[in-house]
**Student:** 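Structure provided below as structure tokens; questions to follow.
Quick caveat: nothing in here was measured; it's all calculated off a predicted structure.
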Amino acid sequence: MRMSRGVSVFLLAFGVWSWIIWITFARNLWASANAWHPDGSPTSFFVVHAVLAVVSFVLGTAIGVIGWRGWRASRKPRS
């Protein structure tokens, strides 16, 4: 059973959107005054949100790859 082209495009768009959102979030996190102690070490706030961003990058990539593969498969003639 193949994934529909619409679902494939949605998943691919979700993966791209996830990267755009989380890159922006990561930049803002890095620049945040709440992210760093006065001695320059990261705060718990930074660590938790950095882990969240990394997990979101991984999931966004995986979902985007699934969408890409589904889109590519939908272009091939069915046998």
Side-chain angles (χ1 to χ4, degrees):
M1 176 182 218
R2 289 190 183 168
M3 189 181 319
S4 74
R5 194 167 180 106
V7 171
S8 299
V9 169
F10 174 77
L11 293 176
L12 185 57
F14 179 87
V16 170
W17 177 254
S18 180
W19 269 85
I20 291 168
I21 292 299
W22 286 101
I23 285 174
T24 303
F25 180 83
R27 286 181 183 162
N28 292 338
L29 177 63
W30 191 267
S32 174
N34 295 331
W36 308 101
H37 288 294
D39 66 356
S41 62
T43 62
S44 299
F45 174 84
F46 178 84
V47 172
V48 167
H49 287 86
V51 169
L52 180 63
V54 169
V55 168
S56 295
F57 283 131
V58 170
L59 293 175
T61 301
I63 290 168
V65 167
I66 292 167
W68 175 254
R69 289 180 180 175
W71 184 74
R72 294 276 317 250
S74 71
R75 292 178 26 186
K76 297 178 183 173
R78 293 185 183 218
S79 34

**Student:** Any side-chain to backbone donor/acceptor pair from Ser18 onto Phe14? Under 3.5 Å, distance only.
**Tutor:**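 Not at all, since once roles are kept as given, no pair shorter than 3.5 Å links the two residues.
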**Student:** Honestly curious: do Phe57 and Trp17 fall in one hydrophobic cluster under the side-chain, below-4.5 Å linking rule?
**Tutor:**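 Both belong to a single hydrophobic cluster.
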**Student:** Is Leu29 linked to Ile21 within one hydrophobic cluster, defined over Ile, Leu, Val, Met, Phe, Trp and Tyr using a side-chain heavy-atom separation of less than 4.5 Å?
**Tutor:** yes
**Student:** For Ser4 and Val7, run side chain to side chain contact (heavy atoms under 4.5 Å, CB included): C-alpha distance rounded to whole Å, both residues' side-chain angles, the deciding distance at 0.1 Å, then the answer.
**Tutor:** CA-CA 5 Å; Ser4 74; Val7 171; 3.2 Å; yes
**Student:** Check residues 32-48 and write down every donor-acceptor pair under 3.5 Å in which the side-chain atom is one partner and the other belongs to a residue at least two apart or another chain.
**Tutor:**
from, atom 1, to, atom 2, distance (Å)
Ser32, OG, Asn34, N, 3.1
Trp36, NE1, Trp30, O, 2.9
Asp39, OD1, Ser41, N, 3.0
Asp39, OD1, Ser41, OG, 2.7
Thr43, OG1, Asn34, O, 2.8
Thr43, OG1, Ala35, O, 3.3
Thr43, OG1, Phe45, N, 3.4
Thr43, OG1, Phe46, N, 3.2

**Student:** If you group Ile, Leu, Val, Met, Phe, Trp and Tyr whenever their side-chain heavy atoms sit less than 4.5 Å apart, what else falls in with Val16?
**Tutor:** Ile20
**Student:** Using the side chain to side chain contact (heavy atoms under 4.5 Å, CB included) rule, take Val54 and Trp22 through it: C-alpha gap first, then chi angles, then the decisive distance, then the call.
**Tutor:** CA-CA 9 Å; Val54 169; Trp22 286 101; over 6 Å; no
**Student:** Establish whether Leu59 and Val65 are linked, either directly or via other cluster members, by ILVMFWY side-chain heavy-atom contacts under 4.5 Å.
**Tutor:** no
**Student:** Are Phe10 and Ile66 connected in a single hydrophobic cluster, I mean Ile/Leu/Val/Met/Phe/Trp/Tyr linked by side-chain heavy atoms less than 4.5 Å apart?
**Tutor:**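 As far as the 4.5 Å side-chain criterion goes, Phe10 and Ile66 are connected within one cluster.
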**Student:** Applying side-chain hydrogen bond (donor to acceptor under 3.5 Å, both in side chains), name anything that partners Ser74, two or more places apart in sequence or on another chain.
**Tutor:** Arg5
**Student:** Are there over 12 heavy-atom neighbours, none belonging to Phe25, within less than 6.0 Å of that residue's CZ?
**Tutor:**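 Yes, CZ of Phe25 has more than 12 neighbouring heavy atoms, counting only those of other groups under 6.0 Å.
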**Student:** Taking C-beta and beyond as the side chain, do Trp68 and Leu11 meet within less than 4.5 Å on heavy atoms?
**Tutor:**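 In short, these two side chains do not touch, never coming nearer than 4.5 Å.
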**Student:** Got a sec, which residues hit side-chain hydrogen bond (donor to acceptor under 3.5 Å, both in side chains) with Trp19, two or more places apart in sequence or on another chain?
**Tutor:** Thr61
**Student:** Strictly distance-based, threshold 3.5 Å: is any side-chain N or O of Arg2 a donor or acceptor partner for the main-chain N or O of Gly70?
**Tutor:** no
**Student:** Can you list everything that forms a side chain to side chain contact (heavy atoms under 4.5 Å, CB included) with Ser8? Sequence neighbours excluded, please.
**Tutor:** Met3, Trp71
